[in-house]
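What follows is a short report on a single structure.
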Amino acid sequence: MDQKLRVGILGATGMVGQRFISLLENHPWFEVVTVAASPRSAGKTYEEAVGGRWKMDTPMPEDVKKLVVLNVNEVEKVASTVDFVFSAVDMTKEEIKAIEEEYAKTETPVVSNNSAHRWTPDVPMVVPEINSDHFNVIPDQKKRLGTTRGFIAVKPNCSIQSYAPCLAAWKEFGPKELVVTTYQAISGAGKTFKDWPEMEGNIIPYIGGEEEKSEQEPLRVLGKVENGQIVKADLPKITCQCVRVPVLNGHTAAVFINFEKKPTKEQLIEKLVNFKGFPQEAGLPSAPKQFIQYLEEDNRPQVTMDVDYEKGMGVSIGRLREDTMFDYKFIGLSHNTVRGAAGGAVLCAEALTAKGYIAKK
């Protein structure tokens, strides 16, 4: 790419916004030129606005520190400075829906980490290795919005990333029923242990809205484009419990699964390790070389050893074995703020760029 695309981050001061900024440092295709946040942060430098709330392990990038934060609500002003935006705003669902559409109508593509548009029928919700063909719905969305280049694309919830890729890899065997329990890190709530000391040594057996997302969103990812909208798949049937656990980063899933055609364990592992999609074929900058790894050891995957697999963009699976009530059971692990949030959105933007949906204004 001759010239980098100019990127804006909406909601730049929050944890996911910070993750976007750290992931985009030295990105070969994209350059963060604009940071936008709430009116209370507007007018300050990014360094001043974030203050002591920088939550990443790596230092704040030097070239972002001095950027002056714009008011995210001044849509025309923000949009005029960028080729496209990533959205990680902290607002109500209705406010997010409205502001993301407003940005799209300025002819600015929006790649969102938020849940507000995940069920808008003509908005693609994409894990690029699984369903990048869902981007084909974008022309229909543009017709509805009255735009020529502006649109919205979203990535799914972080909780599904540790098991939904398996369903795509095992598609030919007909996954039909899943019982899932997710053990979710505190960064999924935008927190660290410093912010949330009561989580140390604690488990909370409820995360608002997560169980519905974990049961329904994989079906939309596995669905198909029909008549200008995405129709979700009928199978598998999924029931889920979501538990908050005292881990900083990394969502683990314990999964029981039944198939229409029962495969062998060897067939299942072979499909996992050989599974690839558009990001690998196109050699996208953030794509993991191997999307899914299978670990043979009985005590893997583990957060401390495996959460950063493929720089946090890969998925780790282990403990696949036959079960007494279901066909098989296994454990999955994914990085919730890299693959599950900002990194997944960056990969979506790379796929959209490679397919010609995002270009210089």
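Looking at every heavy atom in both residues, Leu248 comes nearest to Ala185 through O-CB, 3.2 Å. Counting all heavy atoms, side chain and backbone alike, Pro205 lies closest to Val243 at CA-CG1, 4.3 Å. Closest non-hydrogen pair, Ala287 versus Gln280, comes out as CB-NE2, 4.2 Å. Of all non-hydrogen atoms in His134 and Pro124, the two that sit nearest each other are O-CB, 3.5 Å. Taking each heavy atom of Asp133 and Val225 in turn, the nearest pair found is O-CG2, 4.3 Å. Of all heavy-atom pairs spanning Pro236 and Leu219, the tightest one is O-CD2, 3.1 Å.
The side-chain contact (heavy atoms from CB on, under 4.5 Å) check on Glu101 picks up Lys105, His117, Arg144, Leu145, Ile152, with sequence neighbours excluded. With sequence neighbours excluded, the residues satisfying side-chain contact (heavy atoms from CB on, under 4.5 Å) with Lys142 are Ile138, Thr147, Phe151. Applying the side-chain contact (heavy atoms from CB on, under 4.5 Å) rule to Ala189 yields the partners Lys191, Trp196, Arg244; only residues at least two apart in sequence or on another chain are considered. Evaluation of the side-chain contact (heavy atoms from CB on, under 4.5 Å) rule for Thr81 yields Thr34 as partners, not counting sequence neighbours.
Under the 4.5 Å side-chain heavy-atom criterion for ILVMFWY residues, a single connected hydrophobic cluster contains both Phe86 and Ile21. Hydrophobic clustering of Ile, Leu, Val, Met, Phe, Trp and Tyr side chains at less than 4.5 Å, counting indirect connections, keeps Val123 apart from Val111. Clustering ILVMFWY residues whenever any of their side-chain heavy atoms sit less than 4.5 angstrom apart, transitively, puts Tyr183 in a cluster other than the one holding Tyr163. Under the 4.5 Å side-chain contact rule for hydrophobic residues, Ile331 and Val179 do not share a cluster.
Checking side-chain atoms of Asn336 against main-chain N and O of Gly250 turns up a donor-acceptor pair under 3.5 Å. Using a distance-only test at 3.5 Å, with no hydrogens or angles considered, no donor-acceptor pair links the side chain of Asp327 to the main chain of Asp323. Using a distance-only test at 3.5 Å, with no hydrogens or angles considered, no donor-acceptor pair links the side chain of Asp306 to the main chain of Leu333. Looking only at distances, a side-chain donor or acceptor of Glu107 sits under 3.5 Å from a matching main-chain atom of Arg149. Listed for the Tyr328 side chain is a donor-acceptor partner under 3.5 Å among the backbone atoms of Pro263. Thr108 contributes no side-chain N or O that, together with a main-chain N or O of Ala104, makes up a donor-acceptor pair within less than 3.5 Å. No side-chain donor-acceptor contact under 3.5 Å links Glu310 to the backbone of Gly312. Judged purely by atom type and a 3.5 angstrom limit, Glu215 has no side-chain atom pairing as donor or acceptor with the backbone of Glu212. With Lys311 contributing its side chain and Pro288 its backbone, the two residues share no donor-acceptor pair below 3.5 Å. One N or O on the side chain of Glu217 and one on the backbone of Asn157 form a donor-acceptor pair closer than 3.5 Å.
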Ignoring hydrogens and angles, write down the donor-acceptor pairs under 3.5 Å from the side chains of residues 164-175, residues two or more places apart or on other chains.
residue, atom, partner, partner atom, Å
Trp170, NE1, Leu268, O, 3.0
Glu172, OE1, Lys271, NZ, 2.9

Side-chain donor-acceptor contacts of residues 57-70 below 3.5 Å, not counting sequence neighbours, with atom names and distances?
residue, atom, partner, partner atom, Å
Glu62, OE2, Lys65, NZ, 2.8
Lys66, NZ, Glu47, OE1, 2.9

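The closest side-chain heavy-atom distance from Ile9 to Leu24 is below 4.5 Å. Counting only heavy atoms from C-beta outward, the side chains of Ile230 and Pro121 never approach each other to under 4.5 Å. The closest side-chain heavy-atom distance from Thr337 to Asn249 is below 4.5 Å. Counting heavy atoms from C-beta outward, Glu211 and Tyr206 have side chains that stay 4.5 Å or more apart. Leu284 is listed as a side-chain neighbour of Leu347, based on a closest heavy-atom distance under 4.5 Å. Contact of the Asn73 side chain with the Ile99 side chain is registered, since non-hydrogen atoms from C-beta on lie closer than 4.5 Å. Counting heavy atoms from C-beta outward, Arg220 and Pro156 have side chains that stay 4.5 Å or more apart. Side-chain contact check for Thr182 versus Glu210: every heavy-atom pair is 4.5 Å or farther apart.
Classification of the Phe326-Phe256 ring pair by plane angle, with boundaries at 30° and 60°, yields tilted. Relative orientation of the Phe291 and Phe275 rings is tilted, given thresholds of 30° and 60° on the angle between their planes. Ring planes of His27 and Phe30: parallel class, angle under 30° (limits at 30 and 60°). Ring geometry, Phe135 versus Tyr357: the interplanar angle falls from 30° to 60°, so the pair is classed tilted.
Sparse packing is recorded around CD of Glu76, with 12 or fewer heavy atoms of other residues, nucleotides or ligands lying under 6.0 Å away. Under a cut-off of 6.0 angstrom, the local environment of CG in Asn258 is crowded, with over 12 non-hydrogen atoms contributed by other residues, nucleotides or ligands.
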Evaluation steps, side-chain hydrogen bond (donor to acceptor under 3.5 Å, both in side chains), between Lys360 and Gln3:
CA-CA 9 Å; Lys360 288 204 82 63; Gln3 219 178 350; 4.6 Å; no

Show the numbers, then the answer: is there a salt bridge (Lys or Arg N to Asp or Glu O under 4.0 Å) between Lys55 and Asp195?
CA-CA 10 Å; Lys55 297 179 180 181; Asp195 310 323; 3.2 Å; yes

Full working for salt bridge (Lys or Arg N to Asp or Glu O under 4.0 Å) between Asp83 and Lys361
CA-CA 5 Å; Asp83 296 310; Lys361 275 187 180 171; over 6 Å; no

Report the C-alpha separation of Asp298 and Arg319 in whole Å, then their side-chain angles, then the decisive distance to 0.1 Å, and conclude whether the salt bridge (Lys or Arg N to Asp or Glu O under 4.0 Å) test is met.
CA-CA 6 Å; Asp298 286 339; Arg319 300 211 70 212; 5.2 Å; no

Determine whether Arg6 and Glu31 satisfy the following criterion, salt bridge (Lys or Arg N to Asp or Glu O under 4.0 Å), listing intermediate values before the conclusion.
CA-CA 5 Å; Arg6 299 167 304 154; Glu31 181 181 4; over 6 Å; no

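The pair Lys265-Glu270 does not meet the salt-bridge criterion, since no charged nitrogen lies less than 4.0 angstrom from a carboxylate oxygen. Salt bridge absent: Glu200 and Lys194 never bring a charged side-chain N and a carboxylate O closer than 4.0 Å.
Ser115 OG to Lys213 NZ: the interatomic distance, rounded to the nearest 0.5 Å, is 4.5 Å. Distance check: Lys355 NZ to Thr353 OG1 gives 12.0 Å after rounding to the nearest 0.5 Å. To the nearest 0.5 angstrom, Gln18 atom CD is 5.0 Å from Trp54 atom CH2. Ile358 contributes atom CD1, which lies 10.0 Å from atom CD of Glu350 (distance to the nearest 0.5 angstrom). The CD1 atom of Ile160 lies 11.5 Å from the NE2 atom of His251; values are rounded to the nearest 0.5 Å. Distance CG/Leu10 to CG/Asn113: 11.5 Å, rounded to 0.5 Å.
Remark: of the listed residues Lys97, Lys93, Glu100, Lys155, Glu100 is the sole one forming a side chain to side chain donor-acceptor pair (under 3.5 Å) with Asn114.
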